[in-house]
Student: 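The structure under discussion is supplied below as structure tokens; questions concerning it will follow.
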Number of protein chains: 2
Amino acid sequence: MTKRGTNPVRRSPCPLNASVEMLGDRWSLLILRDMMLRGAQTYKQFLGLYEGIATNILTDRLRKLQAYGIITVRPDPSDGRKLIYLLTAKGIDLAPVLTEMVLWAARHEKTGNQPLIQQMRKDKEGLIAQVRQRWAATQAASAAD
Amino acid sequence: MTKRGTNPVRRSPCPLNASVEMLGDRWSLLILRDMMLRGAQTYKQFLGLYEGIATNILTDRLRKLQAYGIITVRPDPSDGRKLIYLLTAKGIDLAPVLTEMVLWAARHEKTGNQPLIQQMRKDKEGLIAQVRQRWAATQAASAAD
DNA sequence: GTGTTTCACTTGCATAATGCAAGTGAAAAA
DNA sequence: TTTTTCACTTGCATTATGCAAGTGAAACAC
């Protein structure tokens, strides 16, 4: 049951191919960004993605990320209608990937969010550790529910 | 002229968004993998991608990667029909991104290419430096043509 | 010089994915 | 009870992907 998605049919055994089959689309990556950097947790928050995501695409991606074990979902204890989406350990392990992508773009393209970029350049590992700490705190808080 | 693609219309100023607009599709990433890790340089070599890419998709992606300044193309001096595609400095700067993606997949999925993964785990920075050296050597060789 | 092969596509078409916007049903609030 | 909020679902148009045949130019073989 928990191993539902563990034996998918892949186009090759290459590790990068496994990555891109799960992440090789921009919406998944943008969702993960908002979870990691902005603490987004609800459907409505994801709908507010700055880039503008369609409801059917959001639903589809959340389902996929869940199936891949990258995120998990639970009801909000303070509002039975709301769902809370959380990164799993597998999900938070994507922090270095997203960090490197941000740094790459910042080096080669005109982009915003300069404070974050400065921080990443100054102490990449420290920022990743910080993201992990916030995630761990979220885990502890939701385990208490 | 060389700045042709520098002012694209982006859905947001976020650096990650810039990354995913250029890389947020699996074929581009797989092409880059083969360039970086296997030294693939020709259309025919890319057609041999283990995952199987269609000619029209390959052509499209090569054009896009070129437009984004990630790769460059020149004729093969030994065969006027052949084109040689090479990573640019911007392209080789994606090595840490791909490396982190490989490591992530290796940690959480059953994948092949264990020797490469062992090497990455042992000395990530060393491997990236090695990829860069091979690229620099390719640059020197093609500048001599 | 002619015919054949190789190279990098291009094309036509079917299928799949994306995106817009209206609609839906259930839970919570008023 | 009615209204609002939540997380979708749906219908349909547009765009992207994928298969496989086709194309034109350069290089090779004779």
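In what follows, chains are A, B, ... by sequence order, proteins preceding strands, each numbered from 1.
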Student: Go through the structure and list residues passing salt bridge (charged side-chain N to carboxylate O under 4.0 Å, His left out) with Lys82(A), not counting sequence neighbours.
Tutor: none

Student: Does the distance from a Lys or Arg side-chain N to an Asp or Glu carboxylate O, for Arg11(B) and Glu21(B), drop under 4.0 Å?
Tutor: no

Student: Once side chain to side chain contact (heavy atoms under 4.5 Å, CB included) is applied, do any residues pair with Arg38(B), and if so which ones, sequence neighbours excluded?
Tutor: Arg33(B), Asp34(B)

Student: Is Ile84(B) isolated, or which residues cluster with it under the ILVMFWY side-chain rule of less than 4.5 Å, directly or via members?
Tutor: Leu86(B)

Student: Holding to side chain to side chain contact (heavy atoms under 4.5 Å, CB included), I want the full list of residues that pass it with Leu83(B), two or more places apart in sequence or in another chain.
Tutor: Val73(B), Tyr85(B)

Student: Applying side chain to side chain contact (heavy atoms under 4.5 Å, CB included), can you list everything that pairs with Thr88(B), at least two apart in sequence or on another chain?
Tutor: Thr72(B), Lys90(B)

Student: Once you round it to whole Å, what is the distance between C1' of dT10(C) and CG of Leu62(B)?
Tutor: 15 Å

Student: Considering residues at least two apart in sequence or located in another chain, which fulfil the salt bridge (charged side-chain N to carboxylate O under 4.0 Å, His left out) criterion with Arg81(A)?
Tutor: Asp79(A)

Student: Using the test side chain to side chain contact (heavy atoms under 4.5 Å, CB included), find all partners of Asp93(A) that sit at least two apart in sequence or belong to another chain.
Tutor: Arg132(A), Trp104(B), Arg107(B), His108(B)

Student: Quick one: list whatever passes salt bridge (charged side-chain N to carboxylate O under 4.0 Å, His left out) with Arg26(A), sequence neighbours left out.
Tutor: none

Student: When you measure from every atom of DNA chain D, which of residues 12-19 of chain A have a heavy atom less than 4.0 Å away?
Tutor: none

Student: How would nucleotides 14-21 of chain D be written as a contact map, 5' to 3', with B for base contact, S for sugar-phosphate-only contact and - for no contact, using protein heavy atoms under 4.0 Å?
Tutor: ---SBBB-

Student: Which pairs pass salt bridge (charged side-chain N to carboxylate O under 4.0 Å, His left out) with one or both residues in residues 118-131 of chain A, sequence neighbours excluded?
Tutor: Glu100(A)-Lys124(A)

Student: Determine, for nucleotides 1-7 of chain D in 5'-to-3' order, which nucleotides have protein heavy atoms under 4.0 Å from the base (write B), from only the sugar-phosphate (write S), or from neither (write -).
Tutor: ---BBSS

